[in-house]
Amino acid sequence: MDYDPGELEQKWRDRWAQTGRYEVDPDDERESTFVTVPYPYPSGGMHIGHARTYTVPDVWARYRRMCGDNVMFPIAWHVTGTPIVGAVERLKNGEEQQLSVLRDTYNVPEDELEQLETPMGFARYFIENDYKEGMRRLGLSIDWRREFTTEDDRYSKFVTWQYENLRERGLLEKGLHPVNYCTNEEQPVTTHDLLEGEDAEFQEFTLIRFEREGTVFPMATLRPETVRGVTNAYVHPDGEYVRALVDGEEWVVSAAAAAKFELQDREVEIAETFPGADLVGERVENPVTGDEVPVLPATFVDPDNATGVVMSVPAHSPDDYVALREARDRADEIEAEYGVDADAVRDIEPVPILEIDDYGEIPARDAVAAAGVASSDDPELHAVTEDLYQDEFHGGRLLEAYGEFAGEVIVDVRERFRQHHVEAGHFDTMHEFTEEVICRCGGDVEVAQQETWFLRYNDEGWREKAREAVDQLDAVPENTREQYYDTIDWLEEWPCIRNYGLGTRLPWDDEFVIEPLSDSTIYMAYYTIAPYVEDVPVEEMDRDFFDALFYGPEGEDAPEGAEVDVEDPHPTALELREEFDYWYPVDVRCSANDLIRNHLTFYLYHHAELFERENWPQGITVMGMGLLEGESMSSSKGHVVLPDEAIDKYGADTVRFFLLNSSEPWQDYDWRAEDVGATRDQLERFWNRAREVVAYDVPDDAEEHLQPVDRWLLSELQDTVRETGQALERVETRTASQEAFYRFEEQLRWYRRRTDADRPGAKWTLQTVLRTRLRLLAPFVPYMADELHEELTGEPAEDTPWPEPDPELDSPRRAVEESLIRDLHEDVRDIVEVTGEDPDVVRVYAAADWKHHVFEEVAEAGADANVGQVMGRVMQDEDLRERGDAVNDLVQELIEDARDRTEEELATLVALDETGVYERAAGFLAREFDADVEVYAEDGADVHDPADRAGQAVPFRPAVHLE
RNA sequence: GCGAGGGUGGCCGAGCCUGGCCAAAGGCGGCGGGCUUAAGACCCGCUCCUGUAGGGGUCCAUGGGUUCGAAUCCCAUCCCUCGCACCA
């Protein structure tokens, strides 16, 4: 039978489905293992990147199952939030790109498109036709009874329980939060709704409250510490400015700024509108220094950005320095046009506020001079400004005038300084984007402040629990542990609700929806009960229901500080409690490494808070990113490979094997068609060989006729079993599959070359080896392994126990012998190659007895022997003493050699009959080199040594003569 | 800038923690040979330089250092990737 994965795999899929092979229930006889992966978000189809994400946990699941565990690997569907809603919108609007993704990338048939026009219709389509199909074909060992979507009513009740709990525990907080707000649609919008500025970030500007006669001229800056260096202000003379009552105070800002303040939760009442020119010449008072500075005109001021009133710090901002230089040059014009005293302009001097190495008193002047910037139009200027800002931020120290803040480096002091002056009423705050943001509707998007509920991830008590959860976590790879700690320190409050989208409503305010990252923190617990809650009426799944389920009716398993006392526990809740108890905690969660910054850390936070310590996550394995032919995948560009197509072309085993073997789970991998094709060829080769081995007719007494080379191969097999198991324990799928497959293939290649594989002993050996390897490979290529194993033994590989190394079959002696033969073979080959001669006779001379005596002494002295020590002992022997220098040289050489060997190897070598090993290999060498092979002992009676080479022999490095 | 991870032979990629067995695994590609009517598959060899006896030289981003000995440890520099949030 030729290798036909299509047919073969279908057969096993059917069998798994019919027998419910991966459906699991609690079993007190067996240990539970619970493996999860983030539920897919079906806002589009599945591509090969997803395939790997789900195959890694599958390998682990299959491995643990063979180790005897009762393994649950469930899946569900995440539909919360706006991406699906947005995708449907774009489809309904007939957007070309969206249609192309659906039709061309994911092959949605034309007549199915209509059913995608509702969010759940859209999700269902991809769940049923795409994800589930792909997962089944990949051979994922999922318990399908446990699936659900995050739109299910019962799941919502579970989320509701969680949020009521968190609120009660004081971990939710209401507050203002910056959001993207479309000024045209007059509502908050998401990143997906944006036409431009998707990468824009919120920036927090400090407003310096310059004043004049009770009127505030707020100047926005990102460098509040430069307040003492302000020499003047700028406004755009043609810009539209207003005088307005802001939160009861009179402020002067640009008209655009006034609108923003209104969005940012300030009361704004516009009193008067006028051009910026009207402000020129006014003098405003610095709230920190009390100095008065003039307002000057400048066309580079953007009234749409921040407040439209800009403060100038020429000593430290190259931009401002150049602008000031130009203003002074134009002083007379300014006087003529705006009536500002020209001398007053010319008198403005930069005021330094900090010291920094490698710059003079006025850093901006130096930076401008060094870069040769001539005017404000110079494109260099921007870069010069950036550089100086950077240098000053990390290297600048505040001058004396800063009092308690003096001498401190900006990076350390800025926030404290800012805070100090905010409290003193000198500074204020506003938010602004880093770039222009436009909504898909064409409207301008601004930062608005909105009332929102937050998860208080910066709560010290909660943080501490989260850190403890990290302490006891098995983080794979280990170097991710630090990233979790880091994320915990860095997280602030997390806004956990949205204005719209799918999902669970905030229990106490149904205007809001709990957002996707916040509704997916502890849902793994829901898998344990999902198949059994169908019959429970939704309304009965209340607070008490879940309290009783997760915490016990008396709250016996409740976390600290929770008071649970369920009067009349729901009987189903009590039953399900056993399910939960059996399966929880989650043993391994596999997830993309970019989720450490949010989801995975949230997952730890919420478990740490809501469950007792025994139910905290046990392990997290993070996964790398996928590339396609060296470039990142993109469904919108059609640069993807669909699992379906890949499986059609190569078979699921090949797809799995490639994805798991090309890199470790946490490393990035690259799907290259050429390499996948090669993998497929290799598996086919394996299949063909295995079929031959399966077909062997092995006599019953074959095992009694094993030769040393068979013993050697069986010994190697034990190493492979050990290495593969150890690698899988560390979730190193690449190492494990390399060991079980490629590394052992190499041994087999040598074995086939070395010996006659038609011997009964060889056949027995090869079948034994195949049986073990099929088990080792079963987690990776389950279809092929099950099929071949069943043909060989009558049982699928996955139903047999994971192989244990058999000490009976370990043979250090055979390993050492075989390596000597390999070395000799290689030496002869080298000589043949270098000399370019084809020998008729190969003579091999094993070292003389006295040399072996020396070796014994060296071996006895151990790995860290030194020459003098060994010489001392060797010289006790009269026979050796007579040989003088020759012994000395040999000792040195052998000590070098011995240092590279283990004690065990040395002991094995000492006990070895070297000449005998070569004699047994003579037939093999004769075949290999098509020559007569003569083996002698250097000091043997019959030694024939025409070229006088025998003397070169060293123990375990025989002399060779070719003729 | 901050945080994390990297830079190895034509390419991919092991090795680095625990220094010596490292000219550095394996795969891919390339070259040569075998098998074959032939192609593919398969098998063998070569694939840094050099050498007609198993050897020698140079090499693991760059420059220093530690050490008897460094791809591996330390320092500095250069370069690359990812993240820096409210997007799942």
Side-chain angles (χ1 to χ4, degrees), chain A residues 38 40-41 43 78-84 86 177-180 190-194 198-199 201-202 386-387 389-391 393-394 411 452 454-455 477-480 482-483 485-487 489-498 501 515-518 520 592-599 624-625 630 632 661-664 666-670 672 674-675 677-679 681-682 684-685 688-689 734-735 738-739 741-743 745-746 749 752-753 819 823-824 826-837 839 896-902 905 928 947 949 952 957-962:
Chain A
Y41 202 94
S43 58
H78 201 194
V79 298
T80 309
T82 54
I84 291 174
H177 174 68
V179 296
N180 296 344
T190 70
T191 308
H192 285 269
D193 299 317
L194 301 181
E198 286 181 54
D199 299 327
E201 286 172 27
F202 296 129
E386 293 259 298
D387 287 349
Y389 278 21
Q390 208 61 252
D391 289 348
F393 185 53
H394 295 281
V411 61
T452 298
F454 296 90
L455 284 160
E478 179 58 37
N479 64 22
T480 54
E482 202 50 40
Q483 294 183 51
Y485 289 125
D486 209 64
T487 303
D489 291 341
W490 161 86
L491 276 169
E492 297 289 336
E493 291 150 325
W494 180 269
C496 61
I497 56 170
R498 296 290 180 271
E515 63 88 39
L517 284 163
S518 303
S520 57
N593 55 199
D594 54 339
L595 293 184
I596 293 176
R597 280 311 253 196
N598 46 53
H599 166 258
M625 297 275 130
S632 55
N661 187 264
S662 57
S663 61
E664 302 294 3
W666 49 89
Q667 297 174 321
D668 293 351
Y669 62 96
D670 190 0
R672 290 180 188 262
E674 197 180 3
D675 295 348
T679 302
D681 291 345
Q682 286 152 354
E684 179 158 12
R685 201 178 313 163
N688 290 334
R689 288 250 170 70
R734 175 187 152 87
T735 303
Q738 291 258 338
E739 280 293 328
F741 194 81
Y742 292 104
R743 190 180 152 273
E745 280 299 306
E746 276 181 75
R749 215 182 302 164
R752 280 191 297 268
R753 202 168 158 176
S819 75
D823 289 348
L824 175 57
E826 197 182 316
D827 275 351
V828 174
R829 215 178 52 206
D830 279 353
I831 299 168
V832 169
E833 195 195 317
V834 171
T835 59
E837 281 165 21
E896 291 262 311
D897 182 39
R899 197 160 48 188
D900 300 334
R901 299 184 187 270
T902 63
E905 266 180 328
E928 283 285 313
R949 300 238 180 236
Q952 291 175 7
R957 189 85 204 275
V960 174
H961 175 227
L962 306 189

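Lettering of chains follows the sequences in order, A, B, ..., and the numbering in each one begins at 1.
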Counting C-beta onward and ignoring hydrogens, is there a side-chain heavy-atom pair between A/Glu664 and A/Thr735 closer than 4.5 Å?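 A/Glu664 reaches A/Thr735 side chain to side chain.
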Whole-Å distance separating the [atom1] atom of [X] from the [atom2] atom of [N]:
| X | N | atom1 | atom2 | answer |
| --- | --- | --- | --- | --- |
| A/Gln682 | B/rG27 | CD | P | 8 Å |
| A/Gln738 | B/rC28 | CD | C1' | 13 Å |
| A/Asp486 | B/rC2 | CG | C1' | 9 Å |
| A/Asn661 | B/rA14 | CG | P | 11 Å |
| A/Glu746 | B/rG27 | CD | P | 6 Å |
| A/Glu928 | B/rC43 | CD | P | 15 Å |
| A/Glu482 | B/rC82 | CD | C1' | 17 Å |
| A/Asp594 | B/rG83 | CG | P | 8 Å |

Which atoms form the tightest heavy-atom contact between [X] and [Y], and what is the distance?
| X | Y | value |
| --- | --- | --- |
| A/Pro958 | A/Leu824 | CG-CD1, 3.8 Å |
| A/Tyr669 | A/Ser662 | CB-OG, 4.0 Å |
| A/Thr82 | A/Gly501 | CG2-CA, 4.1 Å |

Mind checking the [atom1] distance from [N] to [M]? Whole angstroms is fine.
| N | M | atom1 | result |
| --- | --- | --- | --- |
| B/rC59 | B/rG54 | P | 23 Å |
| B/rG13 | B/rC28 | C1' | 10 Å |
| B/rG55 | B/rU67 | C1' | 27 Å |
| B/rG29 | B/rC78 | P | 40 Å |
| B/rG15 | B/rC80 | P | 25 Å |
| B/rU66 | B/rU58 | C1' | 23 Å |
| B/rG7 | B/rG33 | P | 38 Å |
| B/rG9 | B/rG5 | P | 23 Å |

To the nearest 0.5 Å, how far apart are [atom1] in [X] and [atom2] in [Y]?
| X | Y | atom1 | atom2 | answer |
| --- | --- | --- | --- | --- |
| A/Tyr742 | A/Asn661 | OH | CG | 5.0 Å |
| A/His78 | A/Leu517 | NE2 | CG | 7.5 Å |
| A/Met625 | A/Asn593 | CE | CG | 5.0 Å |
| A/Asp486 | A/Ile596 | CG | CD1 | 10.5 Å |
| A/Glu745 | A/Gln682 | CD | CD | 9.0 Å |
| A/Phe454 | A/Glu492 | CZ | CD | 11.0 Å |

Please determine whether a side-chain nitrogen or oxygen atom of A/Arg749 lies at a distance below 4.0 Å from atom OP1 or OP2 of B/rG26.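 A/Arg749 to B/rG26 OP1/OP2: no side-chain N or O under 4.0 Å.
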Residue-phosphate contact under 4.0 Å: A/Arg829 side-chain N/O, B/rC46 OP1/OP2: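 Answer is yes, contact under 4.0 Å.
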If you assign A/Leu491 and A/Phe393 each to the RNA chain B nucleotide with the nearest heavy atom, which residue ends up on the more 5' nucleotide?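 It is A/Phe393, whose closest nucleotide lies nearer the 5' terminus.
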Nucleotides 48-61 of chain B: protein proximity per nucleotide (B base, S sugar-phosphate only, - neither; heavy atom, under 4.0 Å): ---BBBBS------
Closest nucleotide among [options] to the [X] side chain:
| X | options | value |
| --- | --- | --- |
| A/Arg597 | B/rC84, B/rG26, B/rA4 | B/rC84 |
| A/Arg689 | B/rC42, B/rC28, B/rG83 | B/rC42 |
| A/Pro516 | B/rC44, B/rC43, B/rA88 | B/rA88 |
| A/Trp490 | B/rC44, B/rC84, B/rA88 | B/rC84 |
| A/Asn598 | B/rC87, B/rG26, B/rC28 | B/rC87 |

Any base atoms under 4.0 Å from A/His177, or only sugar-phosphate, or nothing? Heavy atoms, all strands.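 Since a base atom lies under 4.0 Å of A/His177, the category is base.
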In the structure shown, which nucleotide is the Watson-Crick or G-U wobble counterpart of [N], with both distances under 3.5 Å?
| N | answer |
| --- | --- |
| B/rU36 | none |
| B/rC17 | none |
| B/rU81 | B/rA4 |
| B/rG29 | B/rU47 |

Establish, from distance only, whether the side-chain atoms of A/Glu515 and A/Ser518 form a donor-acceptor pair under 3.5 Å.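 Note: A/Glu515 and A/Ser518 side chains meet the donor-acceptor criterion.
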Carboxylate-amine/guanidinium proximity below 4.0 Å for A/Glu928 and A/Arg753: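 Between A/Arg753 and A/Glu928 there is a salt bridge, with a charged N closer than 4.0 Å to a carboxylate O.
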Is there any protein nitrogen or oxygen under 3.5 Å from a nitrogen or oxygen in nucleotides 8-13 of chain B, and what are the pairs?
from: B/rG13; atom 1: O2'; to: A/Arg734; atom 2: NH2; distance (Å): 2.9

